[in-house]
Amino acid sequence: MTTEQSGTTGRRPGAESREDGGAAAQDRPDAKEAAEAPSSGKAEATDTADAGSGAGTTDEAAAKKAESGDKSATGTAGEKPADPWSAFGPAPEPVLGRARRAVRAVGRFLAHEWTLAAVAALALAAAMTWPTLRYPRHTLPQDYWDPSLQAWQMAWSGHILRTDPAMLWHANTFYPENWSFAFSDTLLGYAPAGLIGVGPEHAVLRYNIMFVLAHALAAFGAYVLARQLGAGRIGGAVAGASFAYAPWLLAQAGHLHILSNGGIPLALAMLARGHGWSLRYGYRPRRRHAGWAFAGWLVAAWQLSLGFGIGLPFAYMLAGTGVVSVVLWFVRRRRVKRPFGRRLFLADVFGGLAFAAVGAALAVPYFKVAELHPNAERTLGDIGLYSPPASGFFTAPAESRVWGGLHEGARAVLPWHPEMTLLPGFALYALAAGGLFFSVWRVRHRIFLLAGVLVTMALAMGTRFFGGRFTYVPLFDYLPGWSGLRTPGRMMLWTTLLLGLLAAGAVTAFCMRVRELAAERVPPWPGPWLRLATLLPLALVLVEGLNATPQPVVPRQPAAMRTVDGPMLVLPSSQNLDQPVMLWSTDRFQPMVNGGSGFTPRSQAQIREATVSFPDYASVDYLRQIGVKNVVVLRDELEGTPWEGMLDRPVDTPGVTREQVGEAVVFRL
């Protein structure tokens, strides 16, 4: 073999080591590592030969110096002679001080892939959710109804944990009901953020920050999962971007508990890493790490604490994966006798127990609510109202900047388009379809991913897929808690993740091919067009995720909300009107009848009906019996409601006083 041929052959492994953007450096199989070991012997031989020739040259020069009487060998007068023993060994390396070691450690951390990925995810989230952070104290994304409710939830959890944790589930809203904090998903995992700041303005700021961070975590989590499974950097970026910025998620901009899904892929990535498993390279026992596995269980528990809307399917998926893994091990136990080390086994046991304990603790209040409020339970009729047809998978919401206007006609025929526009992106569909035929994943893995896509799509259709008899209805009938899930279309979350993994396999294979072509160039470096071509899939996914989400200004808090004590009632009252009222209560958290959730308690409906004639004697007497002391009437909100004209009625009930406080009228009972 000529020297030129040897150099060409030497470039191939180097190109392959870079072909997936560094995945091989982390996930190269042990066999490959062992196969590459002999190549170091050649380098050692070459180094030895070079050293030998260098030694001969040195001896020859020394002889000439000795003949010429070189003064440097013995030293001149007044000069210290050179140490003759220094030629027998190199000088010891300098010992770094604590400060320099710390600087090096910080530098390695800042240059690490995960650090760079996290920073990129944050920057991308701020850009893709813009203009959320333009006026973060005064506006909310999409509308000010559900976001006001969720801003109150974070504020309440932080306030009550700081003051009286035992009353966590008995919130200040829906008076006189108990367990009212469990009337909807709670975002309890964001309670640490709720410890910072007081009042509506801080609550809105907190919500907007968490809104952006939720997108960043979703992109980062899906990126990490794809990388752990064996995708390259660009393939992982496509998976992360498609999971966080799929067009259908733009319709969920007002539902932070749905957008807060990044813990799902992040927990799966940690569990896979802890168990030494990769989709591309399979099971590698030497890469097991009990710490990562335990951390994965903790992240999964935190994800569950954000709400059962997406947390419950995640819990059942983990349980199902655990059962399948045990069965597979039992079948293959002769070949794989010890799939777990003792530490990993204990990490799974204690981590699984922690996850189950969090789930059980969170489930108790919800079962209590279901017992006290039978009307909170969903029926198959309710599921049918929110079940999307197949056309929903190709229809984008109005908030999509690219497809929103073009799909207006398609949305018009959907019964409830906010929950039925489920387009994950045409670019993602195309990349995933390509991943079925051209991918770094093995064929059987592609088939499994495709099967997962089809199954989750069928579940997302609810009762629209053959009446749901073989898909959604059995889960509704037999799985505890599943009947509380109102919108089956949110199963599209799993479809999007699986499509992203298929796309990541295709993009990684594409990048590998580009690098192979580049290795044949002289010099072996990708040209600008080849480099841009590898970024094209990512750009297409991001363009489809551009938003046109409105940013309405939050209604200003009435002055009366800062001074009037509870228990109180704010009129007019309805599901939408009460949600900003909840936000206004974050100054003092006084008990109030008002509240908005996924259902209306019968007591609240009765109070609204009884106070239509307020301030007559019957309504005042009713409010006094249930303990209401003050009624705040918002003058500007009365028009078009059942309470219109109430301020023109005389106050004839003894003991009732009327006072103007800012733009509101306060009746003290």
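Because the structure is a prediction, the values reported are computed rather than measured.
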In short, A504 meets G235 closest at the heavy-atom pair CB-O, 3.3 Å
Enter the distance from L546:CG to E544:CD here, rounded to the nearest 0.5 Å. 9.5 Å
L306 CG to T186 OG1 distance, which is reported to the nearest 0.5 Å: 8.0 Å
Sub-3.5 Å donor-acceptor pair from the side chain of D185 to the main-chain atoms of G309, do we have one? yes
Where the side chain of Q228 meets the backbone of W277, is there a donor-acceptor pair that is under 3.5 Å apart? yes
Would you check, one step at a time, whether the test side chain to side chain contact (heavy atoms under 4.5 Å, CB included) holds for F314 with W494? CA-CA 9 Å; F314 178 45; W494 294 94; 3.7 Å; yes
Distance, nearest 0.5 Å, that separates CH2 of W114 from OH of Y223: 5.5 Å
Mark yes or no for whether S242, through its side chain, and A239, through its backbone, hold a donor-acceptor pair below 3.5 Å. yes
Short side-chain to backbone donor-acceptor contact, T321 and M317, under 3.5 Å: yes
Applying side-chain contact (heavy atoms from CB on, under 4.5 Å) between E419 and each of M492, R486, H255, report the one that passes. H255
With rounding to the nearest 0.5 Å, note down the distance linking CD1 in I258 to CG in L493. 8.0 Å
Nearest heavy atoms of T586 and G199, plus distance in Å: OG1-C, 3.1 Å
Starting at OG1 of T173, measure out to CG of L149 and round the result to the nearest 0.5 Å. 8.5 Å
Could you tell me whether the side chain of Y316 reaches within less than 4.5 Å of the side chain of W482, counting heavy atoms only? yes
Would the distance check show the side chain of R287 and the main-chain N or O of R284 forming a donor-acceptor pair, the cut-off being under 3.5 Å? no
Kindly give the heavy-atom pair with the smallest separation between V224 and A269, and that separation in Å. CG1-CB, 3.6 Å
Are the aromatic ring centres of F308 and Y366 under 6.0 angstrom apart? yes
Between atom CG of L256 and atom NE2 of H215, what is the distance when rounded to the nearest 0.5 Å? 9.0 Å
Pair E377-S483, side-chain donor/acceptor within less than 3.5 Å: yes
Other residues, nucleotides and ligands only: do more than 12 of their heavy atoms fall within 6.0 Å of CH2 on W302? yes
Under a 3.5 Å threshold, yes or no: a donor from one side chain and an acceptor from the other, between N172 and H159? no
Strictly by side chain to side chain donor-acceptor pair (under 3.5 Å), give each pair with a member in residues 303-313 just once, sequence neighbours left out. none
For L217 and G263, which heavy atoms make the closest approach, and how far apart are they? CD2-N, 4.1 Å
Does a donor on one side chain sit under 3.5 Å from an acceptor on the other, for Y190 and S260? yes
Residues L249, T496; criterion side chain to side chain contact (heavy atoms under 4.5 Å, CB included); working and verdict: CA-CA 10 Å; L249 285 170; T496 307; 5.8 Å; no
Mind checking whether F220 and P265 have side chains closer than 4.5 Å, heavy atoms only? no
N547 vs M128, side chain to side chain contact (heavy atoms under 4.5 Å, CB included): CA-CA, chis, key distance, verdict: CA-CA 7 Å; N547 79 88; M128 293 296 290; 5.7 Å; no
So do the side chains of F589 and W152 get within less than 4.5 Å of each other, counting heavy atoms only? yes
Taking all non-hydrogen atoms of both residues into account, name the closest pair between W441 and R280 and its distance. CZ3-CB, 3.8 Å
Ignoring hydrogens and angles, state whether a donor on the side chain of R378 or Y386 is under 3.5 Å from an acceptor on the partner side chain. no
Compare all side-chain heavy atoms of T508 with those of I234 and state whether any distance is below 4.5 angstrom. no
For R343, look at atom CZ and say whether over 12 heavy atoms of other residues, nucleotides or ligands are found less than 6.0 Å away. no
Full working for side chain to side chain contact (heavy atoms under 4.5 Å, CB included) between R227 and R233: CA-CA 7 Å; R227 292 285 285 138; R233 287 191 177 95; 3.9 Å; yes
State whether the side chain of T115 and the backbone N or O of A111 hold a donor-acceptor pair below 3.5 Å, judged by distance alone. no
Which residue is it: W156, W179, F181, F183? I am looking for the one with a ring pair (Phe, Tyr, Trp, His ring centres under 6.0 Å) to W169. F181
For a 4.5 angstrom cut-off between non-hydrogen side-chain atoms, does W248 reach F393? no
What I want to check is whether the side chains of S597 and S184 have a donor and an acceptor closer together than 3.5 Å. no
Could you tell me which residues satisfy salt bridge (charged side-chain N to carboxylate O under 4.0 Å, His left out) with R137, sequence neighbours excluded, listed by chain and number? E201
Answer whether the closest heavy-atom distance between the side chains of Y478 and L475 falls below 4.5 Å. no
Which atom names give the shortest non-hydrogen contact between S278 and L229, and what distance separates them? OG-O, 2.9 Å
With no hydrogens and no angle check, is any side-chain donor or acceptor of Q142 less than 3.5 Å from a backbone partner on G254? yes
Are T132 and V212 packed together at the side-chain level, in the sense that at least one heavy-atom pair is separated by less than 4.5 angstrom? yes
Heavy atoms of other groups near Y144 OH, more than 12 under 6.0 Å: no
May I ask you to test the F243-N261 pair for a side-chain heavy-atom distance under 4.5 Å? yes
